[in-house]
Number of protein chains: 2
Amino acid sequence: MAGRSALNRGAYVEAALEVIAQVGVDKLSMRNVASRLRVSPMAMYKHFPTKDDLLAASLEEFIARANVVPDTTLPWEQWVEHAAAGMYEALCRELSWVPLLGSLRVGEQAITVTEAFVARLREAGFTVEQALQAYFAVIQVVVGAVCLRSSLDARPTAEPGSSGEDSRTAKTDNRSLQAADSIPGELRSFLKRDQIAIGLPLIIDALRVKLEEART
Amino acid sequence: MAGRSALNRGAYVEAALEVIAQVGVDKLSMRNVASRLRVSPMAMYKHFPTKDDLLAASLEEFIARANVVPDTTLPWEQWVEHAAAGMYEALCRELSWVPLLGSLRVGEQAITVTEAFVARLREAGFTVEQALQAYFAVIQVVVGAVCLRSSLDARPTAEPGSSGEDSRTAKTDNRSLQAADSIPGELRSFLKRDQIAIGLPLIIDALRVKLEEART
DNA sequence: ACCTGAACACCGTTCAAGT
DNA sequence: ACCTGAACACCGTTCAAGT
């Protein structure tokens, strides 16, 4: 009874993140977020003029909570590996964010991460140019790794919660890699490797060479 | 009047690719593909039990038509750059494929590309292991590049064609990078660079070093 | 075999109205 | 200021039926 009404942005974002954790970003709807708060779907449109606005705010919070910036004083290679692993794991936990990464607004939290990354690499001796290239190369490899990884495991499929089963998805659950047995064995075992261990080491190797070249 | 009926899979895939070219993968619907062929939406379910099946078949055809494997006898670095550029450009033309790359079945065409890639690198002196790592690293960087690029330009938004304006998307057209002016200038100009030119050179550098190490 | 119509259970969003 | 109900124009998919 104490001040339950007058919901603010934070409450909606919180509810959105809960919905996402349970059913994935792609099945989040204005209606199911609202019903979790026992509120009319229309109530949200005062705070978020569009579903994309709600998603952008939720992504900001998701990035903030993922907490991918290592605060230790590791050597730069390990610092980068650590940060990349953090991003990779966070995105793997919520695969459904990936498609939206490019299409939502670049927010405060994303910029904070960028700046931390660049600062650490500058400290290690890279130029601003090089540090930015390194940062985006790492992001590319992380996003790519998550995209490819997603072909290997189905969605979590937590229990539907309240309303009836979603008849729309029932049929598509055991999709993906149906054609797997026609893939050459070596390719298959490669697909099963931790995807982040494929591209990232190459990026770091190249950066190390660049740094050594600059030192001589 | 000459054999227009008895539509086969190919006709549906063709129509799907036309719809995708006009409005993007994400707005493809069973209904709009069917109506393009002046057929009931239900007619498709005999050939494609699920929308995902239609999309998988269309992606196969898209990959085949993209024709990313260079048949010239370029040095391996340029061969890889050429192939990566082909993938990047094809995906940029149809950004909306990206989210589905991981979630649809791995098909015949995708495997053909993989094999061509591995064969070319083997020829250049890499081991199978290295060639596969190189291939997936390149794919990761390409997919990542496309994902990040998508934050910079809006969808093509071809004219709506037949039925009324889609009121659902009207509001979200000028999304993306709203917060751009709060991003440090250097970061902004970096985002405007050709994304494929960020990660790929680092990957190729690393591969070159690997090859030279093996030669000595 | 291939296609149809009607129906079900969903969407995002608008609009006029309530407190 | 914040919330509501009803409505609009869409979805994917099922089912019973037609030829």
Side-chain angles (χ1 to χ4, degrees), chain A residues 3-12 15-16 19-20 23-58 96 100 103-104 155 160-173 175, chain B residues 3-12 15-16 19-20 23-58 96 100 103-104 155 160-173 175:
Chain A
R4 159 61 61 94
S5 46
L7 293 169
N8 47 16
R9 279 177 62 94
Y12 289 113
V19 168
I20 287 163
V23 301
V25 175
D26 22 276
K27 275 188 204 83
L28 174 141
S29 74
M30 299 300 262
R31 284 173 162 91
N32 58 16
V33 172
S35 83
R36 172 172 287 263
L37 292 168
R38 306 178 170 288
V39 127
S40 148
M42 299 308 103
M44 290 190 286
Y45 280 82
K46 272 278 124 64
H47 298 283
F48 308 94
T50 266
K51 186 187 177 185
D52 267 11
D53 293 293
L54 174 61
L55 283 175
S58 304
S96 39
L100 290 118
S103 69
L104 296 177
R155 283 245 78 237
S162 51
S163 53
E165 321 265 339
D166 190 352
S167 66
R168 237 185 293 185
T169 56
K171 207 175 216 165
T172 63
D173 267 349
R175 64 197 186 201
Chain B
R4 159 59 63 91
S5 46
L7 292 168
N8 48 14
R9 278 176 63 95
Y12 289 113
V19 169
I20 287 164
V23 300
V25 175
D26 22 274
K27 276 189 203 84
L28 174 141
S29 74
M30 298 301 262
R31 282 173 162 90
N32 57 16
V33 172
S35 84
R36 170 172 288 263
L37 292 168
R38 306 175 171 287
V39 127
S40 147
M42 298 310 102
M44 289 190 286
Y45 280 83
K46 271 278 127 61
H47 298 283
F48 307 96
T50 269
K51 187 187 178 184
D52 267 10
D53 293 293
L54 175 61
L55 284 175
S58 305
S96 39
L100 291 120
S103 69
L104 296 177
R155 284 246 77 236
S162 51
S163 52
E165 322 265 338
D166 189 353
S167 66
R168 235 185 292 186
T169 56
K171 206 174 216 167
T172 62
D173 267 349
R175 68 202 181 194

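By convention in this document, chain letters (A, B, ...) are assigned in the order of the sequence lines, proteins followed by strands, and residues within each chain are numbered from 1. These numbers come from a predicted model, not from an experiment.
You'll find that the side chain of A:K51 is closest to C:dT13, out of C:dT13, D:dC3, D:dT14. Out of D:dG12, D:dT4, C:dT13, the shortest distance to the side chain of B:R31 is found at D:dG12. For B:M42, the side-chain atoms get nearest to D:dT13 when compared with the rest of C:dT13, D:dC2, D:dT13. Picking from C:dC2, C:dG5, D:dT13 the nucleotide with the shortest atom distance to the side chain of B:T50 gives D:dT13.
The CG-P distance, from B:D26 to C:dC11, rounds to 18 Å in whole Å. Atom CG of B:N8 and atom P of C:dC2 are 9 Å apart (whole Å). For the pair B:L54 CG and D:dC11 P, the computed distance is 14 Å after rounding to whole Å. Taking atom CE of A:M30 as the reference point, atom C1' of D:dC10 lies 17 Å away to the nearest angstrom. The distance from atom NZ of B:K46 to atom C1' of D:dA17 is 12 Å, rounded to the nearest whole Å. Atom-to-atom, NE2 of B:H47 to P of D:dT13 comes out at 16 Å; the value is rounded to the nearest Å. Atom CZ in A:F48 sits about 15 Å away from atom C1' in D:dC3, given to the nearest Å. The NZ-P distance, from B:K27 to C:dC11, rounds to 19 Å in whole Å.
The phosphate of C:dT14 has neither OP1 nor OP2 within less than 4.0 Å of any side-chain N or O from A:Y45. Put simply, B:S29 has a side-chain N or O that comes within less than 4.0 Å of OP1 or OP2 on D:dC11.
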| request: Please test A:L54 against A:T50 for side-chain contact (heavy atoms from CB on, under 4.5 Å), starting from the C-alpha separation and ending with a verdict. | output: CA-CA 7 Å; A:L54 174 61; A:T50 266; over 6 Å; no
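Nucleotide C:dT19: paired with D:dA1 (Watson-Crick or G-U wobble, both distances less than 3.5 Å). Nucleotide C:dA6 has D:dT14 as its partner under the Watson-Crick or G-U criteria, with both atom distances under 3.5 Å.
With 3.5 Å as the limit, one finds no donor-acceptor pair spanning the side chains of A:N32 and A:S35.
A donor-acceptor distance shorter than 3.5 angstrom exists from the side chain of A:K51 to the backbone of A:L28, with no hydrogens or angles considered. At least one donor-acceptor pair closer than 3.5 Å links the side chain of B:N8 to the backbone N or O of B:A11.
Using atom P as the reference point in both C:dA9 and D:dA9, the two lie 22 Å apart (nearest Å).
Relative orientation of the A:Y12 and A:F48 rings is perpendicular, given thresholds of 30° and 60° on the angle between their planes.
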